[in-house]
Every structure is written in structure tokens, then in C-alpha cells.
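So the structure is just underneath, and the comments pick up after that.
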Amino acid sequence: MRLADPTDPAGTPARRGPRPQGSGPWAWLRVCVAGLAVLAGLALPAVSSPPAWAAPSPHAYVADNGSNDVSVIDTATNTVVGAVPVGNGPAAVALTQNGRRAYVTNRDSNDVSVIDTATDTVVATVPVGSGPEGVALTQNGRRAYVTNRGSDDVSVIDTTGNTVVATIPVGSMPVGVAITQNGRRVYVTNFDSSDVSVIDTATDTVVATIPVGARPLGVAITQNGRRAYVTNFSSNDVSVIDTTTNTVVGSPIPVGANPAGIAITPGRG
């Protein structure tokens, strides 16, 4: 199809000055191409690119028991970049999987502070039992389990509304707490009764009580959820629990004096 020349509204050829050599729209096209060629030869000022956006480095949150605050450490520089005032006697801190919230147990004020990690400010204070000590969150971040050493129970916090939705009686002086990866079981060490309470998260009830060594303190669960390892503070050993049968397997593992914390590397174990 042959292209027609531009026309005025009446349909007659528009006369807007002399036309370049040649005829039809191809002459105008030759002019445009020539102009672009000239423009390409000009030295235009360089436009600097905006600086690349860098994701914030991870932060570490430290419960400062004596100063009633939480120190925030920038792990890229290993410097303290903030301090968040919380309740009295902060003891433990746990983060949601997405890192957006930190839950801090305040042993002396009987509550839990919830920190928004984007602003490093407390956005909620949740009253719990007496002497809250340990805290652990389910993998999906919907529940926080808090051990209350003074009232011998565990508070269950719904993290959506930051309210306590259940209180579960356990052994004497619960301290340590760990949750299986699938979120189905919670293991709680009871320091004074020398046993471990196993909580079913579907019903928030104790489904097993497991005798271990003297004064259990720390607890950690393997990645596949098949074993729980418990430090026994006064018998200087570690009990290994088969989480399928909720029984201690083998003999306690002798370790150093007064074992407390414990952590397990990822793997098949």
C-alpha cells in the first residue's frame, strides 16, 4: 500500500513550506534519519546511575537483664546501633522466621515485650505468668510459647493479636523451651521437677512428661525433629529423647560442669 502525503482537514495537500527534494513521505524520513545521525555524533553529558540499593544487614538482638533494654547489633559492622527499652529483667529473646518481630521475656515485670524490628520500638506488651523465662516461636510465626518459672506454666501468645490464648500447667520451674520444625510439639524443661513436659500444639495440652537428669535447663531439637537434647545442670550430663516415643534413649552423655545452653547444627541427626 502506498502512503499518502499529509493533508489538511479538507483533504487537499497541506502547504507548510517547501518540501525537501524527492517526493512522498520517504523524503521526510530521509531528513529524520539524517537528524538522528547528527544527534548521535554530539557529545552529550553523561547521566550518572543512581547508587545500587543495598539490603540492610542482619541485626542481633540481645536481652540486657540488668539495664532493662535490648541492644541491637549491626552484624555488618559489629557495632551497637540501638537500645530498645523493654520491661524489667529481660531474660530471653526470640525472632519470628521473617525477622519482623522480636519477643522478649521480662522476668521481673511478668510480661513479654514485642519489638518491631523495622523501627526497633516496642509495639505491644503482653502480660503472661509469673517470672517468664524462655520463649520460642512456631515456624509459621503464629504462636509464641513462654515458660513461666514462677507460676509453673506456659503462656501461649497469638502473635496476630499479641494476646495470651492459653495457659498450660507443666512441671516445677519451667525454663527452657524448644519447638519441633513442623510446629506440632513443644518441649519444656522443668528445672525443679527434673523432667520435660511435651505439649501438643493442636490442643495446647501436655501429652507426655519425661524424667531426665538433675535440674534440666537447656533443650534443643534436631532439624528432622526425631531427637531432643536436654542439658542437666546438676548431674553434668545431657539426656537424649526420642520424640516418636517420648522416652530417653541410651545413657546420659557426660559433659562439663553445670551445662546450660545447647544448640544443634543442621543435618540428618
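Here the structure is a predicted model, which means the values were calculated and not measured.
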Same cluster or not: Val249 versus Val238, using hydrophobic residues (I, L, V, M, F, W, Y) connected whenever any side-chain heavy atoms lie under 4.5 Å apart? yes
Asn258 side, atom CG; Leu217 side, atom CG - distance, nearest 0.5 Å: 9.5 Å
Spell out, yes or no, whether Val128 and Val123 are grouped together once hydrophobic residues are joined by side-chain heavy atoms under 4.5 Å, including indirect joins. yes
Side-chain (Asn68) to main-chain (Gly89) donor-acceptor, under 3.5 angstrom: yes
Hey, could you give me the CD1/CG distance between Ile253 and Asn236, rounded to the nearest 0.5 Å? 13.5 Å
Minimum side-chain heavy-atom gap Ser130-Asn110 below 4.5 Å: yes
Do Thr189 and Val212 have side chains that approach each other closer than 4.5 Å (heavy atoms only, starting at C-beta)? no
So, taking the atom named CD1 in Ile221 and the one named CZ in Arg227, what distance separates them when rounded to the nearest 0.5 Å? 12.5 Å
Nearest heavy-atom pair of Thr201 and Val186: which atoms, and what distance? CG2-CG2, 3.5 Å
I'd like to know whether Asn88 forms a side chain to side chain contact (heavy atoms under 4.5 Å, CB included) with Asn106, so could you lay out the CA-CA distance, the side-chain angles of the two residues, the decisive distance to 0.1 Å, and finally the verdict. CA-CA 5 Å; Asn88 296 329; Asn106 302 306; 5.7 Å; no
Using every non-hydrogen atom in the two residues, find where Asp204 and Ala166 come nearest and quote the distance to one decimal. OD2-CB, 3.9 Å
Between CD1 of Ile210 and CG of Asp242, what distance do you get to the nearest 0.5 Å? 9.0 Å
Do Pro90 and Thr105 touch side chain to side chain, with heavy atoms closer than 4.5 Å? no
Taking every heavy atom of Val170 against every heavy atom of Ser197, the minimum-distance pair comes out as CB-OG, 3.5 Å
Gap between atom OH of Tyr145 and atom CG of Leu137 - 0.5 Å precision: 10.5 Å
Evaluate the side chain to side chain contact (heavy atoms under 4.5 Å, CB included) criterion for residues Val81 and His59: first the C-alpha distance (whole Å), next the side-chain angles of each, then the deciding distance (0.1 Å), finally the verdict. CA-CA 9 Å; Val81 293; His59 286 174; 4.2 Å; yes
Does the side chain of Ser71 come under 3.5 Å of the side chain of Asp64 through a donor N or O and an acceptor N or O? yes
Can you name the closest pair of heavy atoms from Val188 and Pro174 and give their distance? CG1-CB, 3.6 Å
Going hydrophobic residue to hydrophobic residue with side-chain gaps under 4.5 angstrom, can you get from Ile115 over to Ile73? no
Are any side-chain N or O atoms of Thr180 and backbone N or O atoms of Gly225, one a donor and one an acceptor, separated by less than 3.5 Å? no
Sub-4.5 Å side-chain heavy-atom contact between Thr147 and Pro132: no
Any idea which heavy atoms bring Ala214 and Ser235 closest together, and the distance? N-OG, 3.1 Å
Got a second to check how far Thr160's OG1 is from Arg142's CZ, nearest 0.5 Å? 7.5 Å
Heavy atoms, side chains only, cut-off 4.5 Å: are Met173 and Arg215 in contact? no
What are the two closest heavy atoms between Ala92 and Glu133, and how far apart are they? CB-O, 3.2 Å
Are Val84 and Leu95 linked, directly or through intermediate hydrophobic residues, by side-chain heavy-atom contacts shorter than 4.5 Å (ILVMFWY only)? yes
Between Val219 and Val196, is any pair of side-chain heavy atoms under 4.5 Å apart? no
For residues Val72 and Tyr61, determine if any side-chain heavy atom of one lies less than 4.5 Å from a side-chain heavy atom of the other. yes
Val207 and Val230: same hydrophobic cluster, using ILVMFWY side-chain contacts below 4.5 Å? yes
Less than 4.5 Å apart, any side-chain heavy atom of Val154 and any of Val177? no
